[in-house]
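The block underneath contains the structure these notes are about, expressed in structure tokens.
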Protein chains: 8
Amino acid sequence: MDNNLLMQLLRSVADGRTPVDDAAEKLRNLAYEDIDFAHIDHHRSLRKGFPEVIFGQGKSPDQIIGIMEKMHHQESVILVTRVDRQKADKVLSRFPEAIYHEDAQMMVWQIHTPQIVGHGTILVISAGTSDIPIAKEAYLTAKAMGNQVETVFDVGVAGIHRLFTHKDLIDQASVLIVVAGMEGALPSVVAGMVSRPVIAVPTSIGYGVSLGGLTALFAMLNSCSSNVAVVNIDNGFGAGYMASIINRG
Amino acid sequence: MDNNLLMQLLRSVADGRTPVDDAAEKLRNLAYEDIDFAHIDHHRSLRKGFPEVIFGQGKSPDQIIGIMEKMHHQESVILVTRVDRQKADKVLSRFPEAIYHEDAQMMVWQIHTPQIVGHGTILVISAGTSDIPIAKEAYLTAKAMGNQVETVFDVGVAGIHRLFTHKDLIDQASVLIVVAGMEGALPSVVAGMVSRPVIAVPTSIGYGVSLGGLTALFAMLNSCSSNVAVVNIDNGFGAGYMASIINRG
Amino acid sequence: MDNNLLMQLLRSVADGRTPVDDAAEKLRNLAYEDIDFAHIDHHRSLRKGFPEVIFGQGKSPDQIIGIMEKMHHQESVILVTRVDRQKADKVLSRFPEAIYHEDAQMMVWQIHTPQIVGHGTILVISAGTSDIPIAKEAYLTAKAMGNQVETVFDVGVAGIHRLFTHKDLIDQASVLIVVAGMEGALPSVVAGMVSRPVIAVPTSIGYGVSLGGLTALFAMLNSCSSNVAVVNIDNGFGAGYMASIINRG
Amino acid sequence: MDNNLLMQLLRSVADGRTPVDDAAEKLRNLAYEDIDFAHIDHHRSLRKGFPEVIFGQGKSPDQIIGIMEKMHHQESVILVTRVDRQKADKVLSRFPEAIYHEDAQMMVWQIHTPQIVGHGTILVISAGTSDIPIAKEAYLTAKAMGNQVETVFDVGVAGIHRLFTHKDLIDQASVLIVVAGMEGALPSVVAGMVSRPVIAVPTSIGYGVSLGGLTALFAMLNSCSSNVAVVNIDNGFGAGYMASIINRG
Amino acid sequence: MDNNLLMQLLRSVADGRTPVDDAAEKLRNLAYEDIDFAHIDHHRSLRKGFPEVIFGQGKSPDQIIGIMEKMHHQESVILVTRVDRQKADKVLSRFPEAIYHEDAQMMVWQIHTPQIVGHGTILVISAGTSDIPIAKEAYLTAKAMGNQVETVFDVGVAGIHRLFTHKDLIDQASVLIVVAGMEGALPSVVAGMVSRPVIAVPTSIGYGVSLGGLTALFAMLNSCSSNVAVVNIDNGFGAGYMASIINRG
Amino acid sequence: MDNNLLMQLLRSVADGRTPVDDAAEKLRNLAYEDIDFAHIDHHRSLRKGFPEVIFGQGKSPDQIIGIMEKMHHQESVILVTRVDRQKADKVLSRFPEAIYHEDAQMMVWQIHTPQIVGHGTILVISAGTSDIPIAKEAYLTAKAMGNQVETVFDVGVAGIHRLFTHKDLIDQASVLIVVAGMEGALPSVVAGMVSRPVIAVPTSIGYGVSLGGLTALFAMLNSCSSNVAVVNIDNGFGAGYMASIINRG
Amino acid sequence: MDNNLLMQLLRSVADGRTPVDDAAEKLRNLAYEDIDFAHIDHHRSLRKGFPEVIFGQGKSPDQIIGIMEKMHHQESVILVTRVDRQKADKVLSRFPEAIYHEDAQMMVWQIHTPQIVGHGTILVISAGTSDIPIAKEAYLTAKAMGNQVETVFDVGVAGIHRLFTHKDLIDQASVLIVVAGMEGALPSVVAGMVSRPVIAVPTSIGYGVSLGGLTALFAMLNSCSSNVAVVNIDNGFGAGYMASIINRG
Amino acid sequence: MDNNLLMQLLRSVADGRTPVDDAAEKLRNLAYEDIDFAHIDHHRSLRKGFPEVIFGQGKSPDQIIGIMEKMHHQESVILVTRVDRQKADKVLSRFPEAIYHEDAQMMVWQIHTPQIVGHGTILVISAGTSDIPIAKEAYLTAKAMGNQVETVFDVGVAGIHRLFTHKDLIDQASVLIVVAGMEGALPSVVAGMVSRPVIAVPTSIGYGVSLGGLTALFAMLNSCSSNVAVVNIDNGFGAGYMASIINRG
């Protein structure tokens, strides 16, 4: 309930147009309406170009379609993460306007043309070819949330010179997302080159003591650069989201 | 804000005694006043003989005394856990009515005589001599919270017959707290003998692969008896607290 | 061996009625005397309306049917947990009176109408959509054990206000079961709102450092609320069972 | 090496001005060409009012003083983290203008008056009394880096209503730092209330399965809110630094 | 090289029949020939009724058949562990005299009738229905190695009285193998009842914090009974082998 | 109470030399004796053939003396493990007949001259100098339990030839105890040389990824030799005990 | 691009045989070549003396072919690791000159006849039959990199004498690669026999507490021999590579 | 027994100077003398400038002195690792010629002037100030083993340009030792720059998820550069030793 509505109601009580009992009834649930209000406010801010995301893993195509049907009247963009080709095809047959990105296992339905609302450019860097799907998830999320996004893929620390040839892109980015598996060293190196915030995304890529991404995660948390913060293993969506809200500054 | 106050306020608006702006102001923060109200209600229920506990570890004697000074007017019993002898002596010189139990590293200040509010008897069983401090912490907590409490100490599963000689006590208990380190098998065995709830407390006692209590903890969570729930390693206080509120049923 | 029996035996040795070897033999087995008695007593308590549960995972439909055939004359309710649709259909073709709940992967055969034997209401709260199967397992178990059970599903801590709209249900519950995966924060929040016992159930839902439920489990064991005890990851049945016996007080 | 330089070099080889061996040598080091430039550029960005930090742990007072002597001509602020009282006193006797904050185990030497360069307000929230030192480290860092900083300490999730009384501060913050040990649930709850970025700091506070902060860390990485990124356990400095550069937008 | 051969060689040197150089050459490699000799001796002892075992997992039916073809002339019994039905059928079509035990995933080919060479009886006890395959592997191994073997299956610690009904078998066993998953408590309880050695076998049975058998393993290693030693998770063969050589005394 | 003493007492009752009341008095605590902080299991000698051992760690000298006072009338030998010099001196001043072995941190009180009851020789082998204390604990335990015991210390796998110089001792042992820290490879190598059972004892010796003995433990459990079973890290006593009962065969 | 080819090209420019533009064209991508999904590091051969290897796992046949097409003009040998039969067949249909080694899951395309550039012989030793694929990967790599390579397969520590029969080969090797799973003891034993460097390769072979190779890895890192260094679990390629560059001395 | 002695003995038998029985007696233990011979040979090769090392941790000054007294007649250099100042002073009072390096906690006694036997230069690089002690241990070891050794300390990946200023040293090294704690990224970056072998040493430096060096260790094992092999956490000595024998090539 917003302030205008509250003033209106109280004036109406003062005027005798609304009986005390009716007003009491309306106000009795105000506590949770107010929390709802917080909810709505939060919700509204979400709708301002922020996508709603559906975590597709473990959901059936029908469940995904069901949620999309409820959402698509109110949202300007809908993201579905972790959808394989097969599921995607079923959803696409219902919503053919949506676009499926198989490399990122992600579906983007841009209902209204996005406005660029981010101030600067977000740069997504990834270490190995196998890290590209997660990097793509971050890229598509940041894009859908109204940002200018650039990418530099396949620049591992074992051939560090490949990184330096992209120095201009790196210097000009306002937020950087760095995706790496195995030893997870790339975010440290990149963060040492810039003064802007780096969101590090460990991936589960690797074998042996990569431990499903834990080694990369721990290496990133131990980064000797201070402008690094980390999200969960393989959480490309989260990195794209976090970078976007930082970029709105 | 309770209902009477709300009706009173609205009537006062209807009567013109309270201006709309003032009423709006009062109602605007209602959401959090209501949560405050919940707070107070919760707080009151806590005061009904439930002790406030001070986690002594990492606090200086002066900090403990400071908190006790604020609390002792409103509480009927104050517990301080994880206090060593040295700290305890300093606190006792300020509050000589408190009693220090060195084996449990715990201080109990019974400001008012406790009433027995629990329905049945809580039985605390411990596996080894070294588990006694944690068992004592559970015992003292349950006692301070107004329960009839009995104890059976030093009955490990390697001499299971020692357990059976206490069968009567075990059968008659309404809640059981079972404390064990090392392989943590005792709660499973005890729980298999009774139909009442068992709160299992793993201790950090042991060496090698006892892993500081993790082995006992995991064994207890894997118990093949269903009437077992578990608290954190060495959390005698938590077990005593949980058993007490179950015993009030 | 009680004192009278010991005196009797020794007198009989003194009289020459019992040879020394026989007496030694009897004393050697002293530790295990009363145990058969324990057996019978324990068995009786089990029969007092508590359901027998069959852990379906890893058992063939034939094995499940075999066990059910032996049990159904003596039990008033039989639960089978962790049964998939396919297995369930085979069992149902033999026992069509049983009901299969696919979402909970659980079969309930209510042979006799259950009496409500629990004193209060058990409330099952779950955090995310994916936690519902485990929450349902807890719900069905508590229901089958003769309790009034209510549910509040899908109220994660990221939208904490959704929890508050159920404040009445929460306040009135005599025991609460809180099911959550990922960061496992919900039980702490709920337990901070009530004075009654909370049984926390971590689920294996999540990815990356959810570590198959370990993160949720550890978070719950570390709860800063004292009225929380925890069961194994995904152990909805255990939570329902534990809550039921607490609710019988 | 840009194209012009390459053409120039090859022409010079064709002309006989550059011997083949010299050209080969130049091409062999091709990978490392622009790097010195990166060096200088990076260094300059560091000098733009960002503090240099000295990690005090494991360094002697003399080593700390030595580093400070070299730095204080070029820096406007110097931070020393993880210094105990004893070390601090020795350093202060040499640099009496520095200020030692014992609760945060941190020394701040503000050589030139800081300008507020951050756009909005950074809010530091901490869960328990024992988390305050880390929260203070974050606070002092953000302050020294030229930000408006506010704090809300001691608002754990077990009494979630205490959080809501600070709703205004929370809503108005442009970046939030949330510090918590034990179950690490607070960042999720806070992040669910706001649309701005949350930097989560796990602390090593707790016992048993708090596992020295790993449980809080993993819980935070599993947050169901997407506007959360995480730094290393007890890394208050890193959180303050990261929040500051986000706040400069 | 045995003593006679050495004397012969030296005499031949003394006689001048063998030149010094040739003798030196022969003696130079003596170290490793002697070890070869040890080898043969060891090998012979292995052939005295001890089965050769083929670890079937990861081997193709053809590879298994190939090894069996080389072995069956020299061995009186051949064991193949971890073979599924499909592989077994292919092997059986080549060696129809072998017997496949599907529950134990094990094939036994008793080429010569085994003699009972063990002194006493080996007793295999298992905790749950799901532990039976591993228990059967231990049983078949001990049987094939010439022992009297008895079994008591499905006696978990949650119904400890079921164990006591087999007290006679337990008392009379000369070696005991105790197989258990989940909390792994059974070996401790059994070992507390007897004076003979107990070989404990943890199984990977369980879910949640059973951690693929690690919890049972650690619990068994932490046993408060001293007559327990432990083999690897699911290593029924190893337990049967170890019990057999103990039983030969 | 050991079997001989029991038979003697009963014969004396049968003869009329001991009145029934006196015998009853002696036997009353046979199952166990409750001395406030301990339930002493006097029955153990009858049941298991060896008295309880006192785990000295975490017990005060007075507690150790208290338990020894109750035990020494009925037992022929008392072992106290993990006692440091200081504690030992206090206990020795009360029981000067006991002998303290500082290297093994163990006290042995041989009340009656031990009979050699083991059939063969137990051989204790240890890998490094630092493993000797644990090896000594195993040695003293096996010795006190009536066995012929030999030792071969300091023969690590990095100089495998040192092992072979003891081939005779190794071949003739009826049970072997092999103690090793770091990579824990020695038991596998020794077990490959013999057909008798090997009890492997991992020690906590090492640094880095020795992980407090876990690496040695896991390596031993993974031994490719089948005649190996393992006890807990640093559990020399357990290995000595287990080897002794195997040696009684 | 290898050094010979570079010198050839530059000389041809100096001679006027190759126009500057053509040479520039060839050298333009020297630092790396960007082919959409990969940044191929052509400079590596110059910098490191060996071309990039293609990690086949997670790459499609088309991606592998794409990379090979770019590389084969400039490299004398191309390795593709972790390719299964199916993928290999597709790649072979494009590059029939390459040879696929199914046991090592590796493809080797020797474009120019390799020169033996290593000084001595590399010896690859493996412990069990199941370790052979990894050992083969090391063998093929070292071979392709221009070394004399010998192999000794299937010599586990449980039959240590089998190792000694190969003493000559072992003594003469200039670098040794030792591959072992399970308890990982073999590298320690081998390293104790020689003064040359040993590269240890843990494999993921085993079950239970082999922990996917972690146990072998940790055991190797804890080796009491100092001439051992370790590569990642199952990293046969890395061991072959490391041994090769050591062998070039 | 060396070859000359063997020939001498056999000639003496051939001459009739030594009776066959005496020679047989001498040769009977030859197997193990031969292994001793291997030992001695190995030992001799060790003495050719390879230091014997005494692991000082856990040894008393008297034990260290005792070992040094036995060794110093036969060795040209003696190293003692992990000795603190206090122990060192006691040892120095007995052997004043030895030199104690407090930063490396290491004592070096160069009895004879070392010859440079290594072919090239060993370069020791370390990441942070706190890693220097371990780097120094590696440096002193390689030095004592007769190598030209250079050092580059304090060049972390967060300021990667600092590394490039030492490019010449790095390019010219024949073996590189790279020491790093925290995220352990430095060895990957360095190894990507060179074609020579890199020995990576993880250190236990760091906090939070550095996990006592495990994170650095795992990151190094996951290095995307192939010319890296790793030694145990904090094992500077091992790295120096390994680099030395590689450098002798």
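Given the structure is predicted, the values throughout are model-derived calculations rather than measurements. All heavy atoms count here, side chains included; hydrogens, waters and symmetry mates do not. Naming convention: chains lettered A, B, ... in sequence-line order (proteins, then strands); numbering from 1 in each chain.
D:His119 places a side-chain N or O within 3.5 Å of a backbone atom of D:Arg248 that can act as its donor or acceptor partner. The backbone N or O of D:Leu176 sits nowhere less than 3.5 Å from a side-chain atom of D:Arg196 that would complete a donor-acceptor pair. Between the D:Glu137 side chain and the D:Phe237 main chain, a donor and an acceptor come within less than 3.5 Å of each other. One N or O on the side chain of D:Thr215 and one on the backbone of D:Val209 form a donor-acceptor pair closer than 3.5 Å.
Partner of A:Asn147 under the side chain to side chain donor-acceptor pair (under 3.5 Å) criterion, chosen from A:Thr141, A:Asn247, A:Thr121: A:Asn247.
Contact annotation for A:Val175: neither backbone nor side-chain heavy atoms come within less than 4.5 Å of a heavy atom of chain D. If you measure heavy-atom distances from D:Phe55 to chain A, you find no contacts under 4.5 Å at all.
Of the listed residues (D:Gly120, D:Pro197, D:Gly238, D:Ala243), the greatest number of heavy-atom pairs within a distance under 4.5 Å of chain A belongs to D:Pro197.
A 4.5 Å side-chain heavy-atom check between A:Ile177 and A:Val201 finds at least one atom pair inside the cut-off.
Among the residues in residues 226-233 of chain A, those with a non-hydrogen atom closer than 4.5 angstrom to a non-hydrogen atom of chain D are A:Ser226, A:Asn227, A:Val228, A:Ala229, A:Val230, A:Val231, A:Asn232.
For D:Thr203, the side chain to side chain donor-acceptor pair (under 3.5 Å) test picks out D:Asp131, with sequence neighbours left out.
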